[in-house]
Participant: 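Take a look at the following structure, please.
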There are 2 protein chains.
Amino acid sequence: MATVSRVMTGSQPVSADRRARVLRAVDDLDYVVNSHARSLSGTAIEMVAIVLEDITGPSFAAVARGVEQEAAARGRLSLICATHGDPEQELRMVDLMHRQHAAAVILVGAAQDSEYYRVRTARYARSLDSVGSRLVLCGRPPLEEGIPATVVEYDNENGAFAAVSHLLSAGHRKILALPGAEHYSTAEGRLAGYRRALEAHGVGFDPKLVIRGDYTRASGEQAARRLLAEHPEVTAVFAGSDEVALGLMDVAREAGTSLPDRLSIVGYDDVPAAGAVFPKLTTVHVPYEQMGRTAVRLALERFGAGAEDRVVLGTHLKVRASVAAPHAL
Amino acid sequence: MATVSRVMTGSQPVSADRRARVLRAVDDLDYVVNSHARSLSGTAIEMVAIVLEDITGPSFAAVARGVEQEAAARGRLSLICATHGDPEQELRMVDLMHRQHAAAVILVGAAQDSEYYRVRTARYARSLDSVGSRLVLCGRPPLEEGIPATVVEYDNENGAFAAVSHLLSAGHRKILALPGAEHYSTAEGRLAGYRRALEAHGVGFDPKLVIRGDYTRASGEQAARRLLAEHPEVTAVFAGSDEVALGLMDVAREAGTSLPDRLSIVGYDDVPAAGAVFPKLTTVHVPYEQMGRTAVRLALERFGAGAEDRVVLGTHLKVRASVAAPHAL
DNA sequence: TTGTACGCGTTATCAG
DNA sequence: CTGATAACGCGTACAA
């Protein structure tokens, strides 16, 4: 038995003769190592788990891809779990990963920052930590100092700043903002960038030009209808997500609005579809794939000397064709 | 120990008193069941593994989502592995799943049907079968009778037939076909549907109107350039994938072709982006998510009486706005 | 270089 | 209902 183990793992020298005999037996018997037994005995190829809302969301998929790549490069498997937006399900998943002794559990996607969120997430962090797993928050509100968790964020505010500055530089002054739902860290960051850009260009902030909603296409469609009905003065829109921008473009065009001449639009996320629509959507590029890779790297390398446990990745504007100078009214 | 096990699993009655004491200890000690040990001892919550080329492909993601949903509904975890198109990597992944004693290993995505493919895949099937795992082929060429594998396909040919018939009914006669690469089962099926539709409408088949390529956007762009340069007589295109259609639309529009007046287009797959472009793309809907769910269901229920091991799901045309009557030349 | 014996954490079995 | 004990399959000290 021990010799077989040594042949399979290559951990210790085995004579050529023995090795050959073992390999032949392995072949004859269709012998396969049992990963569970191996994990149990300590020499684990622990997996990396990623928990997200829905695999089909392009940004989630991009993060998942980064995670998968980096994990594979380090010889680990990736477990993907979808919560479909249910916090109960999230809890169950984290628990499941806990039992699996995952090396890292990566939580992806915006979350409402609340007392409840912080308490619940801190509990995840501590219980995972107690079995050697690392909790990674990807694009989520960070926890307080001292909680054993790694945070990978991106610069929501500066991305929004760049996007809105771009509109302002083109000459727009009445810019509708659709930053996303209240209390979400991403939405608040994007709104802050919007306000800061207005300020930097000496344009007053008008709360009436902020419409709340989520990041779905339906939300963009709804905003478009309000825009058409209530805000004839608006010449440009800063959308909190590409989905919102796409929904808005669709409804606006149906209503006969010519794009981008009559209405300029910038999105957020730079999903693949942004380059496929007409006009191609100018949007804020978020390095989702890199976030996934970074999450795995930080979680797995946290024993080195300068172990980082918080990273903020940069965002930048991807200029395409959905912004033009404002048309004289 | 035994009592703890009974409390945790609820497998046998335990007195209220004992149960309370166990639960308190569990809480005190942050005790978590070890899944690997549980698997080892026999009572396994075996996982379901899905092997695909790339998570960010919308159709792959849809299948993955179906798999994930159905697996979760049956209390099992999903393991996702990407091969990035490397057959070596695929082999490694299947092997890994084998070691994990996955309940099912689901291979997704088109593959070239060759002797090599059949031999390799049959080997997968048999070795997985020997440890009780089931190999499922999703949208891949089926193997011969007697190989222990489950096949979930969709009706490539009839989808193509419907799409091309739609173009013919609109009055088009010179229809360019971009069915996909040679020897791929999906591409051959789509091409067969194209030919059958022409025949049904009494239109001759012209091999010059078939351009080979893969299912990428770049391939669509390239085809568009050839179309513009070499085939002024063509009034409609049957694209083998939505990506191809999107690339084609993009280049055609850049060249000043008005869509759909001057050029009608139908795609294949019905990815989310198909509903977001302008004009909205008429395309063949493929039930990707349902394929994923079906794959899991068949793999896990194969012990019942009428155990199916081959299913062909239907496809249908999703009519949107990218087809118009041919413009007089 | 090879073989023996133990422990990893759980469940099933069997005796109480 | 409860507790002790034997698997499950592997890696690994330790002894040979």
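For clarity, every value in this text was computed on a predicted model and none was experimentally measured. Naming: A, B, ... by sequence-line order, numbering from 1 per chain.
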Participant: Without swapping roles, check the side chain of A:S133 against the backbone of A:D129 for a donor-acceptor pair under 3.5 Å.
Facilitator: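 Between the backbone of A:D129 and the side chain of A:S133 there is no qualifying donor-acceptor contact (under 3.5 Å).
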Participant: By the 4.0 Å heavy-atom rule, please label A:T3 as base, sugar-phosphate, or nothing.
Facilitator: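 Sugar-phosphate, no base atom in range.
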Participant: Which ones in residues 13-33 of chain B lie close to DNA chain D, meaning a heavy atom under 4.0 Å from one of its atoms?
Facilitator: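 Of all residues in residues 13-33 of chain B, the ones placing a heavy atom under 4.0 Å from DNA chain D are B:P13, B:V14, B:S15, B:R18.
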Participant: All N/O contacts under 3.5 Å from nucleotides 4-8 of chain D to the protein, with atom names and distances to one decimal?
Facilitator:
none

Participant: In whole Å, what is the span from the CZ atom of B:R38 to the P atom of D:dG9?
Facilitator: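 Roughly 18 Å, once rounded to whole Å.
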Participant: Between B:T9 and A:Q12, who's closer to the 5' end of DNA chain C by nearest nucleotide?
Facilitator: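 Nearer the 5' end of the strand: A:Q12.
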Participant: When you measure from the side chain of A:E153 to the backbone of A:L313, do you find a donor-acceptor pair of N or O atoms at a distance under 3.5 Å?
Facilitator: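 Side chain of A:E153 to backbone of A:L313, a donor-acceptor pair under 3.5 Å: no, none is there.
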Participant: Where the side chain of A:R140 meets the backbone of A:G109, is there a donor-acceptor pair that is under 3.5 Å apart?
Facilitator: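 Yes, because the side chain of A:R140 sits within donor-acceptor range (under 3.5 Å) of the backbone of A:G109.
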Participant: Using a heavy-atom cut-off of under 4.0 Å over every strand shown, decide if B:S11 touches base, sugar-phosphate, or nothing.
Facilitator: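 Nothing, no nucleic acid heavy atom in range.
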Participant: Going by the angle between their ring planes, with limits at 30° and 60°, are B:Y288 and B:Y154 parallel, tilted or perpendicular?
Facilitator: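 B:Y288 vs B:Y154 ring planes: perpendicular.
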Participant: If every non-hydrogen atom of B:M93 is compared with every non-hydrogen atom of B:A82, which pair is closest and at what distance?
Facilitator: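 It is CE-O, 4.1 Å.
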Participant: Does any N or O in the side chain of B:R310 come within less than 3.5 Å of the main-chain N or O of B:V152, such that one atom is a donor and the other an acceptor?
Facilitator: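 Side chain of B:R310 to backbone of B:V152, a donor-acceptor pair under 3.5 Å: no, none is there.
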Participant: In whole angstrom, what separates B:M8's CE from C:dT10's C1'?
Facilitator: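 Rounding to the nearest Å, CE of B:M8 and C1' of C:dT10 are 11 Å apart.
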Participant: Given 3.5 Å as the limit, does a donor-acceptor pair link the side chain of A:E53 with the main chain of A:T83, or not?
Facilitator: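 No.
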Participant: Taking CZ from B:R99 and P from D:dG11, how many angstroms apart are they, rounded to a whole number?
Facilitator: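 About 11 Å, once rounded to whole Å.
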Participant: Look at the side chain of A:S35 and the backbone N and O of B:R99, then say whether any donor-acceptor pair between them is shorter than 3.5 Å.
Facilitator: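 Present.
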